[in-house]
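The model shown is predicted, which means the values in this text are computed figures rather than measured ones.
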Amino acid sequence: MEYQPLYLFQNLAGDTGIGIEGKIIVIGIRVLRFMKKMMKTHGLTPFFKLIAIFKKWYVHKDKYGLMKHKAEYIKLRQHASQELKLGHVNVALDMFHQILKLNDRDAIAWSGAAECYEALSDFELAIQGYKNACAIATTDFQPLHRLGRLFIKLSKPSLAIPVLTNALQLNDVVDAVWCDLGQAQMVVNDYVSAKNSFNSSVAINSKNVSALTSLGECYRELGEPQKARLQFEIALSTQPDFWPAINALAISLSDLDKAKEALYILDSFIDVNPGHVQAHQNKALILLRNSQIKQGFQEYEWRLHPSSFSVPTRPFPFKRWDGNNIKSNKTLIWLEQGLGDEILSLSTWRSHLGKTTSNQFYIECDQRLQNLIQRSFPQVKVYPRTNPPSNDLRKMDFVCPSWSGVHIANIDIEHRENSQFLRSCPKKTASLRQKYKKLARGRTIVGLSWSSGGQKRVHKNPQLQCWAPLLKRENCYFVSTQYSGSESDLIALNKISGAEIYQDKSIDLTNDIDDAASQLAALDIAVTVSNTTAHLAGALGVPVATLIPSGHGGFWYWFRKRSDSPWYPSMHIFRQTKGGKWTPAIANISNWINEMSSAPSYLL
């Protein structure tokens with residue numbers, strides 16, 4: 001009989017979770033059986049001593065008798081995995097615990113228990129379970145992959161990236177791992193690396209529609225809309241009803257000024273899926289961005305329906321206001337979607353709130369806006385947003401989310417009799433104005449906000465060097481109105497300008513919006529990217545130049561191709577002509593400042 005060493009390793013693939021010692025025991029048992037067979041045939045007595053040594057080690061290591069009942073043990077593990085697949089999470093978790101009591105070196109059991117904890121939202125224990133599995137099964141990529149996915153789920157991409165990279169070092173031919181790595185890289189705005197990861201995923205599996213769609217998203221973020229469109233179309237040729245690709249293609253077509261094609265795609269999908277919330281939400285945004293106001297705001301009511309892109313609603317049980325004036329009714333308007341949007345949506349109400357009606361209006365807003373709005377609308381009672389809401393707000397008759405007013409009250413956003421609807425503190429504004437005029441020594445006082453920390457910030461923020469043509473103007477005195485950003489940005493801008501951009505440290509631009517409003521009102525001109533500063537300056541009636549990115553970097557409320565804003569008549573919009581290229585737009589702002597400086601009626 002010829003001895004075949006590989007025979008001893010057969011059928012071990014299913015035992016990868018029992019640890020190194022467990023594998024040795026299994027191999028040892030098979031060696032013993034082989035030796036006994038040989039002894040029966042050849043009387044190999046010299047092996048007796050070797051058998052005794054191994055049995056002694058075996059008894060010591062297999063203290064639970066695990067290998068004695070290996071078949072039952074494997075069956076229990078398989079049963080636990082099956083219960084988990086069926087969604088019986090607690091039953092599966094109990095079984096995995098039983099297995100781990102028998103053998104705490106079982107990587108499959110640790111990984112299974114971690115999946116159970118993840119399903120139960122006990123993420124700390126899930127992370128620890130996956131880490132234990134990784135430490136035991138050091139050559140298995142799967143626990144690392146699951147751990148990386150969990151980090152993505154928990155919005156921890158910086159932790160997911162190295163974990164998934166390690167998984168790929170163990171096995172680089174799994175398309176799902178490459179795809180998940182790309183997703184994590186996209187979250188940290190590393191679109192070049194993400195593009196490479198998705199390309200690797202597609203190279204392994206050309207029908208991975210998630211990777212194809214995400215690859216298109218990368219091209220879109222990198223300013224290559226035609227390549228993006230192609231990837232979305234390839235994904236849909238593989239799976240025509242894949243919603244993420246349908247959605248991405250519609251948005252991409254909208255970016256390319258093909259709104260009719262984009263709306264046709266969404267309408268076709270909605271015909272088959274009439275209750276699909278996100279499809280209606282995105283249709284609304286495309287309509288609004290293309291100035292189809294009436295239909296757009298009708299669709300925009302879908303923003304209040306549950307989806308991953310929905311507006312967080314407020315827990316008010318009152319009836320929705322229908323626009324009618326009912327004697328002595330109390331109507332609560334709650335402002336939506338962050339500081340900038342709260343100011344913007346309030347602009348649609350300014351005429352309505354100023355009218356003498358039988359309605360009694362109340363406003364709920366971010367507490368940082370309370371004093372500013374209360375001063376601006378003294379006839380309306382303003383409350384800060386709290387959780388739970390103020391007791392005073394439990395006595396309303398009706399409620400209306402702020403953007404719903406355009407649709408319900410039939411508000412005309414194009415006609416504004418007064419450009420200013422927010423009023424800063426007169427005393428504070430006068431004090432700051434006097435200080436800045438003294439520092440400026442006759443130069444035009446220009447406020448500068450160069451960065452947005454919000455959505456689409458990668459597209460909205462010019463590289464610091466792009467500001468050079470503006471900052472080198474000798475007839476301007478620059479004051480920082482930047483409410484976020486690093487000191488290093490300011491140092492770099494000072495170096496670019498050859499002078500010092502004044503930073504008024506007496507004002508907390510992040511938390512004291514009332515003081516921020518007073519600062520803006522004390523300026524001659526404001527220059528800003530698309531951020532809260534733009535909305536605040538426009539609402540105060542300050543002449544403001546706002547930089548808007550091309551393509552999908554711009555929000556719907558800046559519309560398309562307009563150089564003015566119906567929300568803020570004092571605003572002039574300067575648009576990026578090509579993705580990533582800001583210098584021409586900033587040079588145009590410099591020319592605009594010349595025009596504004598020669599028109600004293602625009603200056604305080």
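- Partners of Lys227 by side chain to side chain donor-acceptor pair (under 3.5 Å), not counting sequence neighbours, listed by chain and number: Glu224.
- Considering Asn494, Leu470, Ile445 as possible partners of Phe478, the one that fulfils the side-chain contact (heavy atoms from CB on, under 4.5 Å) test is Leu470.
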* To do: Take Gln482 and Leu509 through the side chain to side chain contact (heavy atoms under 4.5 Å, CB included) test and state the conclusion after the steps.
  => CA-CA 7 Å; Gln482 182 60 45; Leu509 293 171; 5.6 Å; no

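- Taking the six-membered ring where the residue is Trp, Phe421 and Tyr568 present parallel rings, their angle staying beneath 30° rather than reaching 60°.
- Of the N and O atoms on the side chains of Glu342 and Ser402, not one donor lies less than 3.5 Å from an acceptor on the other residue.
- Among residues at least two apart or in separate chains, salt bridge (Lys or Arg N to Asp or Glu O under 4.0 Å) pairs with a member in residues 544-560 are Asp257-Arg560.
- Taking every heavy atom of both residues into account, Phe318 and Leu393 meet most closely at CZ-O, 3.0 Å.
- With Gln370 contributing its side chain and Val382 its backbone, the two residues share a donor-acceptor pair below 3.5 Å.
- No donor-acceptor pair under 3.5 Å is formed between the side chain of Ser345 and the backbone N or O of Trp403.
- At a cut-off of 3.5 Å, with distance as the only test, a side-chain donor of Asn247 or Asn282 sits close to an acceptor on the other residue.
- A distance of 7.5 Å separates CH2 in Trp582 from OG in Ser550, rounded to the nearest 0.5 Å.
- Thr481 and Gln519 form no side-chain donor-acceptor contact under 3.5 Å, judged by distance and modelled atom types alone.
- Under the rule for a side chain to side chain contact (heavy atoms under 4.5 Å, CB included), the partners of Ser530 that lie at least two apart in sequence or sit in another chain are Lys460, Ile548, Phe555, Trp558.
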* To do: Decide side chain to side chain contact (heavy atoms under 4.5 Å, CB included) for Arg385 and Trp334; before the verdict, give the C-alpha distance in whole Å, the side-chain angles of both, and the deciding distance to 0.1 Å.
  => CA-CA 9 Å; Arg385 183 165 51 251; Trp334 57 271; 5.9 Å; no

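- With sequence neighbours left out, the salt bridge (Lys or Arg N to Asp or Glu O under 4.0 Å) criterion links Glu500 to no other residue.
- Side-chain N or O atoms of Asn461 include one that pairs as donor or acceptor with a backbone N or O of Ser452 at under 3.5 Å.
- Rounded to the nearest 0.5 Å, atoms NZ (Lys381) and CD (Gln374) are 5.5 Å apart.
- Note that NZ of Lys495 and CD of Gln465 are 10.0 Å apart. Values are rounded to the nearest 0.5 Å.
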* Apply side chain to side chain contact (heavy atoms under 4.5 Å, CB included) to the pair Lys283 and Gln295, showing each step before the final yes or no. => CA-CA 10 Å; Lys283 179 181 176 181; Gln295 187 183 356; 4.0 Å; yes

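- Separating the OG atom in Ser590 from the CG atom in Leu471 is a distance of 10.0 Å, to the nearest 0.5 Å.
- A donor-acceptor pair under 3.5 Å is absent between the side-chain atoms of Ser252 and the main chain of Ala248, judged by distance alone.
- Of all the heavy atoms in Arg320 and Ser404, the pair that sits closest is NH2-OG, 3.1 Å.
- Atom OG in Ser480 sits 8.5 Å away from atom CG in Leu493 (nearest 0.5 Å).
- Closest heavy-atom contact between Arg375 and Cys425: NH1-N, 3.5 Å.
- Ring to ring, Phe297 and Trp556 are close: their centroids are under 6.0 angstrom apart.
- A donor-acceptor contact shorter than 3.5 Å is absent between the side chain of Arg433 and the backbone of Ser518.
- The salt bridge (Lys or Arg N to Asp or Glu O under 4.0 Å) check on Lys435 picks up Asp504, with sequence neighbours excluded.
- Contact between Leu448 and Ile501 at its shortest, heavy atoms only, is CD2-CD1, 4.3 Å.
- The aromatic ring centres of Phe361 and Trp321 sit less than 6.0 Å apart.
- Not counting sequence neighbours, the partners of Val163 by the side chain to side chain contact (heavy atoms under 4.5 Å, CB included) test are Leu144, Leu147, Phe151.
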* Given the rule in the side chain to side chain contact (heavy atoms under 4.5 Å, CB included) test, do Ser497 and Trp467 qualify, once you have shown the distances and angles that lead to the verdict? -> CA-CA 8 Å; Ser497 67; Trp467 293 103; over 6 Å; no

* Asn531/Ser449 under side chain to side chain donor-acceptor pair (under 3.5 Å): CA gap, chis, key distance, verdict -> CA-CA 9 Å; Asn531 61 11; Ser449 180; 2.9 Å; yes

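- A perpendicular orientation is assigned to the rings of Phe574 and Trp592, their planes being inclined by more than 60° (bins at 30° and 60°).
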